[in-house]
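Labels below follow one simple rule: chain letters A, B, ... track the order of the sequence lines, proteins then strands, and each chain is numbered from 1. Note that the structure is predicted; figures quoted are calculated from it, not measured.
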Number of protein chains: 2
Amino acid sequence: MTESLNPERLACWRAYIESSQRLFTQLEEDLRADSELSFADYHVLVLLSEAPGQRLRMGELAGRLVFSPSRLTYQISSMQKRGLVAKESCPEDRRGSEAVLTAAGLLTLRDAAPHHLASVRTHLMDDLDDAEVACLTRVFERLGRRLRAARDASSTPADN
Amino acid sequence: MTESLNPERLACWRAYIESSQRLFTQLEEDLRADSELSFADYHVLVLLSEAPGQRLRMGELAGRLVFSPSRLTYQISSMQKRGLVAKESCPEDRRGSEAVLTAAGLLTLRDAAPHHLASVRTHLMDDLDDAEVACLTRVFERLGRRLRAARDASSTPADN
DNA sequence: GAGCCACCGTTGCAATTTGAACGAAAGCGG
DNA sequence: CCGCTTTCGTTCAAATTGCAACGGTGGCTC
């Protein structure tokens, strides 16, 4: 049962999985406690707030959030009902549409961000020293690049 | 917007979130591809297979999986329908019940484990050196302890 | 041993998420 | 300018998940 992952690495893997699960659950809970936002809502707002024109194509947003297309459609329409974003059809490509941050959405984000970031610090970051931060950054940026590459490769059946 | 988390740490946080999301999605997909199991199914089977008597109380299982009680009820009943686990009422405490691994469940696990572990290796572990594994283990075990402690503390209103 | 409060899981129901099927455009080759 | 294939998002139905309310004990106090 363990022939393909030595005990140290298995323990590492398990600690990572469980703690991450717990952390995401906790952050979600904190976020809901002092704002009307879910973790997903918050990330949508962050991405839009940083985008040029504070707008992004649905596909782009789905890709960055690691959401399925239909999930994103639902997510955005939910935020639209609450007035956090608006949806406009894309001028260059009439198939597509883009989500646009509203003034209310920006205010909501500015309001929630300090609480959320504080939450990230207390639960995770404040407990890490600089070397650990550097290690995590290195590992997860590498992992992200690899997984994005793998995803892109699998959509292109390839040249075998 | 950034006054409470410096740029390095913010980047670290973001890489961690996004890559983890991608990794979990990928592992789930791989698991479904070469077994009939979801990530949750797999973890239930692992925990039960390691438990004495290959059985665990619902609450214990929920705690370790970081599942809400109702989610676990649903999860187990789903696995029960597929014959992977059985449910028995607990002798010592008639309020509770316990999930028991079935022979079929164990076989399914043994069958799926090599594939899943290979998947964990190719997507994550094979790309880490020993120092990185050590760092992740240290960080996430500490995080897990802290979050469990926080959760326990918040359920006990406390002595203020 | 009655009264009460805490705990264990389950249920009912609403909200969310997935996955397949679609309609509308774009892009391409002829 | 046709057909054909792809891509972009959406939609619908089904599966999953969260949340609040419950039924059934256990535990404790008096």
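Considering only heavy atoms from C-beta on, A:Val100 stays 4.5 Å or farther from A:Lys87 through its side chain. Side-chain contact check for A:Ser38 versus A:Glu28: some heavy-atom pair is nearer than 4.5 Å.
Between D:dG9, D:dC19, C:dC8, one nucleotide has an atom nearer to the side chain of A:Ser97 than all others, and that is D:dG9. Considering only side-chain atoms of B:Arg71, the nucleotide from D:dT11, D:dT17, C:dT11 that sits closest is D:dT17. Among the nucleotides C:dT17, C:dC8, C:dG19, the one closest to any side-chain atom of B:Arg95 is C:dC8. Picking from C:dT11, C:dT18, D:dT10 the nucleotide with the shortest atom distance to the side chain of A:Pro69 gives D:dT10.
Ion pairing between A:Arg57 and A:Glu98 fails under the 4.0 Å rule for side-chain N and carboxylate O. Between A:Glu141 and B:Arg14 there is no salt bridge, since none of the side-chain N atoms of the basic residue sits less than 4.0 Å from a carboxylate O of the acidic one. Under a 4.0 Å N-O distance rule, the pair A:Glu18/B:Arg148 qualifies as a salt bridge.
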Item to complete: Start with the C-alpha distance between B:Tyr16 and A:Ser20, add both sets of side-chain angles, then the distance that settles side chain to side chain donor-acceptor pair (under 3.5 Å), and finish with yes or no.
Response: CA-CA 10 Å; B:Tyr16 164 52; A:Ser20 294; 2.6 Å; yes

Worksheet item: Would B:His116 and B:Asp34 count as a side chain to side chain donor-acceptor pair (under 3.5 Å) if you check the C-alpha gap in whole Å, the side-chain angles of each, and the deciding distance to 0.1 Å?
Response: CA-CA 9 Å; B:His116 177 60; B:Asp34 42 37; over 6 Å; no

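Put simply, CZ on B:Phe67 is 10 Å from C1' on D:dT17, counting in whole angstrom units. One atom, CZ of B:Arg32, and another, C1' of D:dT16, lie 10 Å apart when rounded to the nearest Å. Atoms CZ (A:Phe39) and P (D:dG18) sit 15 Å apart, rounded to a whole Å. Here C:dT18 presents its P atom at 11 Å from CG of A:Leu72, a figure rounded to the nearest Å. Here the C1' atom of nucleotide D:dG18 and the CZ atom of A:Phe24 are 19 Å apart, to the nearest Å. Across the protein-nucleic acid pair, B:Glu28 atom CD and D:dT17 atom C1' stand 14 Å apart, rounded to whole Å. Atom CE in A:Met58 sits about 17 Å away from atom P in C:dA25, given to the nearest Å.
The side chain of B:Arg57 places an N or O atom within less than 4.0 Å of a non-bridging phosphate oxygen (OP1 or OP2) of C:dG9.
If you look at A:Phe67 and A:Phe39, their ring centroids are not closer than 6.0 Å.
Within residues 73-94 of chain B, the residues that place at least one heavy atom under 4.0 Å from DNA chain D are, in residue-number order, B:Tyr74, B:Asp93, B:Arg94.
Side-chain atoms of B:Ser68 stay outside donor-acceptor range of the base of D:dG18, with no qualifying N/O pair under 3.5 Å.
If A:Ala40 and B:Ser70 are placed on DNA chain C by their nearest nucleotide, the residue sitting closer to the 5' end is B:Ser70.
Surrounding CD of B:Glu50 are more than 12 heavy atoms belonging to other residues, nucleotides or ligands, all under 6.0 Å away.
Axis orientation changes by 30° from one end of the helix from C:dG1-D:dC30 to C:dG30-D:dC1 to the other, with each end axis drawn from 5 pairs and the value rounded to 10°.
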